[in-house]
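Have a look at the structure below, then the notes.
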Amino acid sequence: MPEDPARPLLELKSIRKDFGGLRAVDDVSLDVPKGAIVGLIGPNGSGKSTLINLIARATNLSAGQVLFNGENISDLASDEVFRRGIARGYQEPALYFKMTVLDNVLLPVKDQRGEQPWYAPWRRYWQGDEAAHAQTAVDVLAQVQLLQHYDTLASDLSGGQMKLLEIARCLMGRPELLLLDEPTAGVAPKLAYEIFQQIARLRDDHGITLLIVEHRLEILFDFADYVYVMHLGNLLAQGKVDDIASDATVREVYFGD
Amino acid sequence: MINIDIVATAIAVLTLFGIYSLMAISLNLEYGVAGVPNFGKALFVSIGAYTAGITYTRLLPLLSGFEVIHPCGPTMGGALQLRSEIMATQPVAGFINLGLTMLIAAVIAGAVGFALSYVTLRLKEEWFLALVLLVGGETVRIVVRGADDFICSHNGISSVAQPFYFLDDPRTSSLLFMLLALALALLAYLYSERLIRSPFGRMLKGLRENEDVTRGLGKGISLARAQIMLIGSAIAAVGGALFALNTGFVNTNDFVVTLTLDVWVMVVLGGIGNNRGALLGALLIALMDRFTQVGAIALNMSGSDVEFNYVRFIAFGIILIWMLRYRSAGLLPESRLTTGAHDVVRRVLEK
Amino acid sequence: MPPALLTTSLVNTIQIGSLYALMALGITLTFSVMKLPNFAHAEYVTAGAYAALIVSLSGVLNPLVIMAAAFIVGALSALISQLAVFKRLEGKEVSLYTLILSSFAVGLIIRYILFLMADYFNLFDLRIGIPLTIVFRDGSLILSNLFAWVVPTSIVLVVLLTLLLNATPLGREMRALANNVNLARVIGIPVERVKNYTWLLVGGLAGVAGALWGLQTAVHPLMGWGAIISVFAAAILGGLSSFSGTILGAYVVAFSENTVMLFLNANFGVDLAYKPAIPFIIIIAVLLIRPQGFTNLIRRAGDLQR
Amino acid sequence: MITIDGLTAGYGKLEILQDLSLTFAEGQFSAVLGPNGSGKSTLMKAIMGLNTIFGGSIQLRDRELIGLRTEEIPRLGIAYVPQRENIFDELTVRENLQLGARVLPKAERPAALKELLDVFPILGRRGSQRAVTLSGGEHQMLAIAIAWLSKPTIMLLDEPSAGLAPAIASDVFRILQELREQGITLIVVEQNARRALQYCDYAFVLREGMLVFEGTAEECLQDEETVKGYLGVHESARL
């Protein structure tokens with residue numbers, strides 16, 4: 001397919017999600033342009049996390065379409081979505097807590113030769129690849145300042161380190177688009193700022209596009225290019241950061257003006 | 001006092017250890033490493049045993065140029081005699097038959113395990129898989145027990161023999177059989193150690209820890225689960241074939257839920273996720289089995305009425321609960337085995 | 001199929017189905033309140049049967065006394081397994097497989113203690129000694145006093161249990177625990193105490209089921225274990241959550257094991273040796289095709305009535 | 001009434017509340033405000049003994065609550081309405097209410113249930129329905145009613161208006177105001193600060209697990225810019 005430079009990387013077209021009688025996401029359409037940092041905000045229960053789950057195909061859509069690079073990914077399984085280039089972080093860090101930091105980041109590397117059970121016992125067949133992946137992991141871990149902890153069990157990390165490890169783990173899959181669900185939840189304020197600095201570097205150095213659910217608006221507003229506001233499953237407002245920060249609707253949902 | 005033949009006891013215990021090791025390693029791969037709750041271990045073991053029952057009565061005579069005698073009912077004695085004759089005079093046919101038995105058993109059990117793992121995809125709750133496998137094993141057992149021509153329904157089939165039957169000295173032949181069992185166990189151990197320390201093993205551990213996340217990281221988890229069920233089931237079936245050769249007959253009553261529990265106890269006792277733990281568990285249960293037999297004889301000879309076998313099961317239950325409660329990681333907890341990537345990183349850091 | 005056989009098998013269905021219902025309700029109750037698929041449940045049945053047998057051997061032949069003894073022994077074995085094993089594991093956030101495994105272990109211990117006892121006192125394959133009399137005879141249909149005891153008692157117990165669950169504060173609290181244990185704590189329900197009562201009730205019913213069962217067949221340490229899969233099949237047909245579904249499930253399993261099996265045997269020559277496979281097939285089919293069992297069917301009917 | 005002193009609490013190893021000290025006064029309608037993740041719900045759960053306490057004390061009229069089991073707390077007159085899963089949805093509405101009243105002495109229960117219908121008339125008509133069939137607003141009313149039936153002196157509510165349409169959310173707050181007029185001390189966690197300040201007397205603003213502002217509703221509204229800053233909705237927060 002010829003690539004249209006104007007075409008957004010991710011397009012949501014009227015997506016909807018019902019849980020039983022509850023409509024968690026109602027007719028939401030939004031675009032994420034290539035190379036942008038896009039924020040998704042809204043009060044608790046407004047459907048932000050559900051939206052992330054829908055894009056990553058962790059749950060099924062009730063209606064609508066998700067287009068990635070112009071391809072309809074609404075019917076793919078979550079492993080296929082990852083392999084297309086969409087990685088996601090979780091609100092509660094979903095690490096492999098009983099595995100080391102290094103094993104955590106090596107697992108998502110795509111198409112590993114040693115992952116075929118028939119070849120797995122023959123070390124020689126995959127050892128070279130594995131060493132190369134380990135080199136990549138060294139770079140990625142160094143970038144998030146976890147290299148010294150490569151042999152630590154993930155459960156022994158601090159909350160902030162867990163968040164960073166999760167981002168590092170996503171990076172190893174070489175994603176084009178990274179979905180992050182509250183990357184600073186449960187993290188001290190100073191560290192939260194550092195996490196966002198790391199996130200900005202992903203865009204600047206690696207060209208990764210980001211869609212971030214975040215409740216620390218003041219930090220998000222420092223880094224995001226564009227912001228969508230959700231409320232009760234609907235898209236309430238959207239715009240550039242400056243417009244959104246002073247937008248009456250945002251103040252409405254957060255403060256009740 | 002009773003005389004215990006130490007050498008014979010040691011051979012018996014070690015043979016049992018080899019057979020149990022195969023079963024324990026297979027469950028450790030499935031549950032310990034990949035987190036698949038195979039409560040149908042008896043089914044896969046029994047597939048190996050039933051295969052042996054059939055090959056030794058139908059295939060063996062063909063291999064050595066005889067007509068097959070129906071092994072059930074009135075012709076049973078004739079079939080048994082024919083088997084003895086072949087096994088004593090044509091060791092090569094015996095070995096070929098053994099190899100084919102293991103191959104067929106592994107293929108059938110592997111295919112069944114592969115197929116059954118896909119059942120999980122349809123199940124509402126994760127533990128239903130445990131129930132389906134448990135119940136599936138019993139169903140197969142009942143069907144086999146009901147089928148007259150298969151392994152002679154509830155009478156079982158007794159025309160199975162171990163491959164060194166042709167040797168004159170029974171002690172040498174059982175010693176060689178012990179070595180065969182131990183060699184196969186060692187092979188399975190080395191193979192599964194390598195598997196665990198590979199990227200495939202890492203993916204399985206990821207599957208165990210968090211299925212959804214692993215899928216979200218681009219891994220085809222249904223296939224991985226099916227593959228490990230295939231491998232585990234094939235190993236268990238080889239264990240089952242050896243089990244049949246060791247006892248000399250195949251009877252459906254040997255493959256009840258208790259056998260599954262035995263294997264689980266081995267893994268829980270030794271250490272979930274640790275192959276050496278599985279071996280230790282297998283050894284302890286093999287010893288326990290043997291000493292129960294010796295103890296039962298000793299107890300009876302001392303004039304006591306108490307059935308020692310019952311005490312064995314009670315002790316079994318208590319050990320299991322005690323382990324689950326106080327040492328849920330087992331005697332040898334899982335080690336942090338890795339692929340060698342850690343060494344690469346360590347070298348980079350040292351530079 | 002000859003009509004005489006049909007009537008007999010239907011009588012069996014009612015008789016066995018009532019017993020299955022008593023046992024399966026216990027499984028459903030333990031699963032929904034305690035979130036535990038308890039394979040040791042079978043052993044409470046056997047323990048109750050032995051209690052009944054011993055009381056009857058001691059010369060007491062009043063069925064009510066016999067059943068009371070069975071209730072007490074069954075209830076105590078259930079409570080002890082909770083206090084000594086399950087409760088201690090629960091606090092450690094262990095996996096469900098650990099709990100399943102431990103319930104197997106508890107069952108093993110009780111079963112072989114009973115074996116030891118039966119062996120020592122020579123209590124294998126004895127029937128509970130209530131003399132057999134025929135209370136009804138009409139052509140081929142013969143009903144003994146056992147039928148007169150077993151069926152009404154189990155039906156009365158099932159009704160009482162349903163009333164207890166639906167119309168008493170304790171039953172309400174049990175269902176509240178099953179529905180949302182955190183909220184139950186928050187509004188001040190003494191969770192541990194309600195759980196203990198549930199265990200007593202579950203074990204007691206299993207014990208009585210054992211006694212009733214021992215009235216019609218010989219008592220053996222394996223009798224409960226032999227029925228556990230049929231009982232689980234009934235509970236699974238009830239979706240492991242619905243009590244009315246479980247009762248219906250119990251009769252469906254009993255019907256398949258008796259009437260359907262005889263029908264298959266008479267019309268298609270299916271060997272009766274395959275009878276034990278029926279509950280297994282039911283379980284696999286239900287788990288694969290309709291894991292919620294009868295739950296929604298019954299609920300829909302119930303909602304329509306309102 | 002409830003005095004919290006130096007409380008550090010969270011989940012597992014995670015410390016969310018950091019050395020928090022504050023006092024909820026008797027008879028007041030207090031609101032706990034703050035952005036997501038600021039520790040509002042953690043505070044509620046800590047009072048109810050539902051999470052990990054690393055240090056500090058929580059006292060109800062000089063009685064220490066830390067160390068009590070969750071089920072003992074309602075007996076001290078504290079009722080709690082969680083944000084989610086706050087009704088027994090498989091049981092009927094009537095059974096939910098009966099469970100709510102179970103802490104009361106037997107003799108007082110019928111009167112309490114009768115009185116309930118004056119405060120929550122809608123629930124009377126839904127008595128025999130399974131609670132799962134209720135609408136969002138009715139659901140929330142039932143949750144509050146369950147807590148109210150234990151005749152508490154203090155009620156804790158975690159975002160009682162979350163996910164409700166604005167008109168219904170206001171209904172919920174009107175009910176809360178009625179309860180307050182009955183003399184019940186109310187502590188409400190709320191995201192919509194304006195709505196909360198419209199009804200409550202006193203407000204606490206949490207941020208990153210710490211108390212950053214407290215004052216009467218009037219003070220909050222007068223100092224609105226500061227409060228908004230803490231809530232993270234003001235432009236100045238970017239500077």
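Proteins come first, then strands; the chains are lettered A, B, ... in the order of their sequence lines, and each starts at number 1.
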C/A178, part contacting chain D, at a heavy-atom distance under 4.5 Å:
neither
Do side-chain atoms of D/R102 reach the backbone of C/G188 as a donor and acceptor pair under 3.5 angstrom?
yes
Cut-off 4.5 Å, heavy atoms of chain D, and the answer for C/P190 is both
Can you tell if the side chain of C/V186 reaches within under 4.5 Å of the side chain of D/P74, non-hydrogen atoms only?
no
Could you tell me whether the side chain of C/N180 and the main chain of D/E85 form a donor-acceptor pair under 3.5 Å?
yes
Please flag which part of D/T70 lies under 4.5 Å from any non-hydrogen atom of chain C: side chain, backbone, both or neither.
both
Is any side-chain heavy atom of C/R175 less than 4.5 Å from a side-chain heavy atom of D/E90?
no
Tell me, do D/F88 and C/L177 make a side-chain contact under 4.5 Å, heavy atoms counted?
no
Heavy atoms from other residues, nucleotides or ligands near CZ of D/F54 exceed 12 (cutoff 6.0 Å):
yes
Taking atom CZ of D/R174 as the centre, report whether more than 12 heavy atoms of other residues, nucleotides or ligands fall under 6.0 Å from it.
yes
If you tally heavy-atom pairs under 4.5 Å between each of D/L99, D/I146, D/L149 and chain C, the highest tally belongs to D/L99
Run the salt-bridge test on C/R185 and D/E71 with the 4.0 Å N-O cut-off and return the result as yes or no.
yes
Flag yes if more than 12 heavy atoms outside D/R109 fall under 6.0 Å of its CZ atom; otherwise flag no.
yes
Look at the side chain of C/N179 and the backbone N and O of D/D89, then say whether any donor-acceptor pair between them is shorter than 3.5 Å.
yes
With rounding to the nearest 0.5 Å, note down the distance linking CG in D/N86 to CD1 in C/I187.
11.5 Å
To the closest 0.5 Å, what do you measure between CG (C/N182) and CE (D/M48)?
11.0 Å
